[in-house]
J.: 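Quick one: structure below, then a few questions.
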Amino acid sequence: MLTKESKIKWAEFLSGNTDAYSWIYETYVQLLYRYGLRFTQDSELIKDSIQEVFTYIYKNRGHLSSPDNVKAYLLISLKYNLIHSLRKELSYDLSDKENIPFSLEPTVEDVVIEKERLTLQSEQIKKMLSLLTSRQQEIIYYRYIQELSFEEICQLMNLNYQSAQNLIQRSLKKIRDNFELLLLLLSLSFVL
């Protein structure tokens with residue numbers, strides 16, 4: 001969805017719409033910054049390179065075409081800008097592509113974002129599970145957290161196989177129905 005919206009905004013930007021340019025910047029600046037941290041920990045160099053990329057595309061918008069993927073275009077532009085800056089400022093020998101520094105280690109920002117995502121996800125799961133009865137919560141716990149087989153669940157909960165199947169299906173339906181309702185309410189709140 002973002003790819004399609006990005007292409008539309010890019011076309012609007014090429015037509016002179018400065019709001020579209022701002023949207024592109026705001027949408028991708030954090031992603032570009034995190035990507036830049038893969039090459040260097042020099043925060044100022046990354047920020048300067050991002051600024052140079054956006055300055056370049058703004059000044060040259062009359063000569064630019066629409067890329068198939070705006071995100072990929074910006075990542076590539078930033079990478080080449082950073083490599084050029086690293087070569088110039090740090091005297092790196094980056095003529096050999098094998099020598100370009102790149103780190104797969106998660107940055108502090110990656111860790112914080114992932115922690116926030118997991119916390120939010122955990123809160124949503126707790127809300128969904130709170131809609132279930134104790135018995136439904138118990139069977140969900142055994143099946144999906146402890147990954148027990150239905151035979152083991154039947155023993156633990158003193159149920160026959162069909163009763164366990166029915167209980168898990170009713171529990172999942174209740175979660176699914178409430179999740180769909182939540183998504184509908186969220187979409188309506190954005191419209192209003």
Side-chain angles (χ1 to χ4, degrees), residues 1-128 179 182-192:
M1 183 66 183
L2 184 60
T3 301
K4 185 177 179 182
E5 189 174 6
S6 295
K7 287 182 81 167
I8 292 168
K9 293 292 185 181
W10 187 271
E12 291 172 1
F13 156 64
L14 293 180
S15 298
N17 185 330
T18 56
D19 289 338
Y21 174 77
S22 296
W23 183 92
I24 294 167
Y25 180 85
E26 290 169 14
T27 301
Y28 290 106
V29 69
Q30 289 301 316
L31 171 84
L32 293 171
Y33 182 80
R34 287 191 307 273
Y35 180 65
L37 289 170
R38 302 292 179 186
F39 297 95
T40 180
Q41 294 300 305
D42 186 341
S43 182
E44 292 306 312
L45 181 63
I46 296 168
K47 290 175 186 176
D48 288 346
S49 292
I50 292 170
Q51 199 62 39
E52 287 177 29
V53 166
F54 279 96
T55 300
Y56 174 84
I57 66 171
Y58 188 81
K59 285 181 177 178
N60 294 287
R61 65 188 176 279
H63 306 291
L64 296 176
S65 60
S66 292
D68 290 332
N69 185 323
V70 173
K71 178 171 82 170
Y73 174 84
L74 292 172
L75 290 172
I76 291 166
S77 298
L78 179 62
K79 178 181 177 181
Y80 287 118
N81 192 288
L82 275 172
I83 290 170
H84 177 74
S85 295
L86 287 170
R87 184 181 296 138
K88 191 168 67 175
E89 291 184 22
L90 303 176
S91 302
Y92 277 173
D93 178 19
L94 300 176
S95 56
D96 179 8
K97 291 181 181 176
E98 298 298 318
N99 289 332
I100 297 171
F102 187 84
S103 172
L104 288 176
E105 291 297 316
T107 64
V108 172
E109 202 167 294
D110 289 338
V111 172
V112 169
I113 289 170
E114 181 64 13
K115 187 175 180 181
E116 287 175 7
R117 188 187 67 77
L118 290 174
T119 300
L120 179 63
Q121 192 175 47
S122 177
E123 289 171 7
Q124 290 172 333
I125 290 170
K126 285 178 186 175
K127 285 179 186 175
M128 288 295 172
F179 183 71
L182 177 65
L183 288 176
L184 178 65
L185 291 173
L186 285 173
S187 67
L188 288 175
S189 69
F190 286 117
V191 172
L192 301 174

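Any value given below was found using the heavy atoms of this structure, including those in side chains, with hydrogens, waters and symmetry copies removed. Note that the coordinates shown come from a computational prediction; the quantities given were computed from them, not determined experimentally.
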J.: What's the separation between atom OH in Tyr25 and atom CD in Gln30, rounded to the nearest 0.5 Å?
T.: 8.5 Å
J.: To the nearest 0.5 Å, what is the distance between CG (Leu64) and OH (Tyr56)?
T.: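 If we round to the nearest 0.5 Å, Leu64:CG and Tyr56:OH are 6.0 Å apart.
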J.: Could you list the donor-acceptor pairs under 3.5 angstrom formed by side chains in residues 8-19, with sequence neighbours left out?
T.:
unit_1, atom_1, unit_2, atom_2, d
Trp10, NE1, Ser65, O, 3.1
Ser15, OG, Ala11, O, 3.1
Asn17, OD1, Asp19, N, 2.8
Asn17, OD1, Ala20, N, 3.0

J.: I'd like to know whether CG of Asp68 has more than 12 heavy-atom contacts from other residues, nucleotides or ligands below 6.0 angstrom.
T.: no
J.: Got a second to check how far Phe39's CZ is from Ser85's OG, nearest 0.5 Å?
T.: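 Those atoms lie 12.5 Å apart.
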J.: Please enumerate all residues that pass side-chain hydrogen bond (donor to acceptor under 3.5 Å, both in side chains) together with Gln51, with sequence neighbours excluded.
T.: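 Gln51: no side-chain hydrogen bond (donor to acceptor under 3.5 Å, both in side chains) contacts found.
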J.: For a 4.5 angstrom cut-off between non-hydrogen side-chain atoms, does Leu32 reach Val53?
T.: no
J.: Is the shortest side-chain heavy-atom distance between Tyr73 and Ile57 below 4.5 Å?
T.: yes
J.: Below 4.5 Å, heavy atoms only, C-beta onward: do Tyr28 and Leu75 meet side chain to side chain?
T.: no
J.: In Å and rounded to the nearest 0.5 Å, what is the CG to OG1 distance from Asn60 to Thr55?
T.: 10.5 Å
J.: What's the spacing between Leu74 CG and Asn81 CG if we round to 0.5 Å?
T.: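 One finds 12.0 Å between CG of Leu74 and CG of Asn81.
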J.: Going from CZ on Phe54 to OG on Ser22, what distance comes out if it is rounded to the nearest 0.5 angstrom?
T.: 10.0 Å
J.: Do Leu45 and Leu86 have side-chain heavy atoms sitting under 4.5 Å apart?
T.: yes
J.: Has Tyr33 got more than 12 heavy atoms of other residues, nucleotides or ligands less than 6.0 Å from its OH?
T.: yes
J.: Applying salt bridge (charged side-chain N to carboxylate O under 4.0 Å, His left out), can you list everything that pairs with Glu44, at least two apart in sequence or on another chain?
T.: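 Salt bridge (charged side-chain N to carboxylate O under 4.0 Å, His left out) check on Glu44 returns Lys47.
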J.: Quick one: closest heavy-atom pair of Leu78 and Gly36, and the distance?
T.: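 So the two residues come closest at CD2-N, 4.2 Å.
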J.: Decide yes or no for Val70 and Thr27: does some side-chain heavy atom of the first lie under 4.5 Å from some side-chain heavy atom of the second?
T.: no
